[in-house]
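Notes to accompany the following structure.
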Number of protein chains: 2
Amino acid sequence: MTGKRERTKTANREAILAAAREVFTKLGYGATTVRDIIRATDLASGTFYNYFKSKEEVFQAIQDENALRVRPRLRAERIRARSVEEFISGSFRTFFDYIATDRQTFAVIRRNADTMRVRMDTPEIIAGFDELRADIVKAIAEGIFPLVDADYLMAALVGVAFEVGEHMLSRDPVDTAAAANFATALFMGGFRALPTLARPAASAA
Amino acid sequence: MTGKRERTKTANREAILAAAREVFTKLGYGATTVRDIIRATDLASGTFYNYFKSKEEVFQAIQDENALRVRPRLRAERIRARSVEEFISGSFRTFFDYIATDRQTFAVIRRNADTMRVRMDTPEIIAGFDELRADIVKAIAEGIFPLVDADYLMAALVGVAFEVGEHMLSRDPVDTAAAANFATALFMGGFRALPTLARPAASAA
DNA sequence: CGGATTTGGAGACATGGCGTCAAATTCCGG
DNA sequence: CCGGAATTTGACGCCATGTCTCCAAATCCG
């Protein structure tokens, strides 16, 4: 890692990613051009293409780095779980905490004019989903989970995590614990078990 | 509506939308250019801009038409509901049936190379979400629903609908009833109430 | 250490999409 | 049938894109 060539290589790559993060945040993903990213570095246009094929690819690299940050945490949480409740609540808590912390990153996605939710098929993200699915299957095999449709369960978990997470961020103050409690209660006890806002749900019609 | 001017106007608009649908399906949203759409019509480039500002706007118009088709059905289902179960299951059934039927439309979205889920802020779609939220609030006020966080509940419903819907479409054969049952059970009874795949869930750990 | 070889950055260039605008055409009312 | 308004046309200037060649610097090797 000590060769000059190697050092400038990683430096350039980092420079491009940093510039991209900045310019994506400022202009939104849709509006930024490859040239905008290049201008935010001191590199030549041709150099960019030695590292990435398009702005899409830069974006994916950024996404990938993010996934690399959360994935192990989520995994650890699930492995540690000794019950359904721990599995579910741990996952939601970790995920919500993450997106609340790394808002800068999420701002990139939400500020995006053209897309609401972006590509979810970078290697890291796919690996994360696969992991989740495998852990669900394993939990079912071990009898921790009832024998349900693992794919649909995963889809439901992901859907709730993203949508509720999105709403959570738009509130002030951001209360990750409350959001996690809500989501967990939904999965654990279903609709009727959701925390009531004022008085306990005496009547369940 | 009988004037020639007026007729060509709607004809042109329709021509552009039809061309866009076709070309979006073929190339994907991200890859198509305004020029591609124009080329698929027999209009001049300038004419396009008399009708739409960008491909984004065309896409929104298409989305809007779709929402216009589902929204009343969903609404009717919710109004008809006399219990939580009817509210939830009716909504899921209707939504899943719709996306299963109108796959051509959903193909446009799913074939999209750049985005997974596209802008959801056309007037019709926003109105649809607002309606859903209002109906939830109303159901809570009437005591049909327990007093839960309406925003989070809506987010959860939407998240599950889209994610599970997506998975549903990737199966062969597409079983909308099963998907609706799954989602409904999740919301009604929570995790433990989900239909088991083989034997009844005798043990709820 | 110095010449040969490889690597990779620089930036000009051809291509093609973008949105505009003045001119041409079409429609409508008188 | 004519005048004026509305609408379409398509060429134009501008800019982003991705490629390609050239060259300097880094690495390798005797």
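Keep in mind that what you see is a predicted model, and the values were worked out from it rather than measured. In the text below, chain A, chain B and the rest are named by the order of the sequence lines, each starting its count at 1. Side chains are part of it too, since the values below use all heavy atoms of this structure and drop only hydrogens, waters and symmetry mates.
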Inset, instruction - Output yes when at least one side-chain N/O atom of A:K53 is less than 4.0 Å from OP1 or OP2 of D:dG18, else no. - result: no
Inset, instruction - May I ask you to verify if any side-chain N or O of B:T47 is less than 4.0 angstrom from the OP1 or OP2 atom of D:dT9? - result: yes
Inset, instruction - Would you kindly give the CD1-to-P distance between B:I37 and C:dG19, to the nearest whole Å? - result: 11 Å
Inset, instruction - If the plane angle is over 60° it's perpendicular, under 30° parallel, otherwise tilted; pick one for A:F187 and A:F92. - result: tilted
Legend entry - Approximate separation, where rounding is to 0.5 Å, of B:R75 CZ and B:T94 OG1: 13.5 Å
Could you go over nucleotides 22-24 of chain C and give all protein N or O partners under 3.5 Å, atom names and distances?
none

Legend entry - Protein-nucleotide distance (A:I38, atom CD1; D:dA16, atom P), rounded to Å: 11 Å
Legend entry - Nearest-neighbour nucleotide for the A:L43 side chain, D:dT19, C:dA10, C:dC18 considered: C:dA10
Inset, instruction - Using a heavy-atom cut-off of under 4.0 Å over every strand shown, decide if B:Y51 touches base, sugar-phosphate, or nothing. - result: sugar-phosphate
Legend entry - Between C:dG19 (C1') and B:F52 (CZ): distance, integer Å: 16 Å
Legend entry - N/O donor-acceptor pair, side chain A:S45 with base C:dA10, under 3.5 angstrom: no
Legend entry - Comparing B:T8 and B:V34 on DNA chain C - which has the more 5′ nearest nucleotide: B:V34
Inset, instruction - Go through the N and O atoms of the side chain of B:R39 and the base of C:dG17, and report whether any donor-acceptor pair is under 3.5 Å. - result: no
Close N/O contacts between protein and nucleotides 21-26 of chain D (under 3.5 Å):
from: D:dA26; atom 1: OP1; to: A:K4; atom 2: NZ; distance (Å): 2.8

Legend entry - Whole angstrom value for the distance that separates P of C:dT7 from CZ of A:R7: 19 Å
Legend entry - Per A:R35 side chain, nearest of listed nucleotides D:dT9, C:dA12, C:dG9: C:dA12
Legend entry - Short side-chain N/O contact to D:dT7 OP1/OP2 from B:N50, under 4.0 Å: no
Legend entry - Distance under 6.0 Å and angle within 45° of ring axis: B:R93 vs B:Y98: no
Inset, instruction - Provide the closest heavy-atom pair for B:T41 versus B:A15 in the form atom of the first, atom of the second, distance. - result: CG2-O, 3.8 Å
Inset, instruction - Check the distance between D:dT7's P and B:Y49's OH and give it to me in whole angstrom. - result: 19 Å
Inset, instruction - Please state whether the rings of A:F162 and A:F95 are parallel, tilted or perpendicular, taking 30° and 60° as the class boundaries. - result: tilted
Inset, instruction - Using only heavy-atom distances, determine whether the side chains of A:N181 and A:T184 contain a donor-acceptor pair under 3.5 Å. - result: no
Inset, instruction - Check whether any side-chain heavy atom of B:V34 sits under 4.5 Å from a side-chain heavy atom of B:F52, and report yes or no. - result: no
Legend entry - Candidates D:dA11, D:dG10, C:dA10 - which lies nearest the side chain of A:A44: C:dA10
Inset, instruction - Assign B:F48 to base, sugar-phosphate, or nothing according to its heavy-atom contacts below 4.0 angstrom with the strands shown. - result: nothing
Legend entry - For atom CZ of B:R13 and atom P of D:dT7, their distance in whole Å: 15 Å
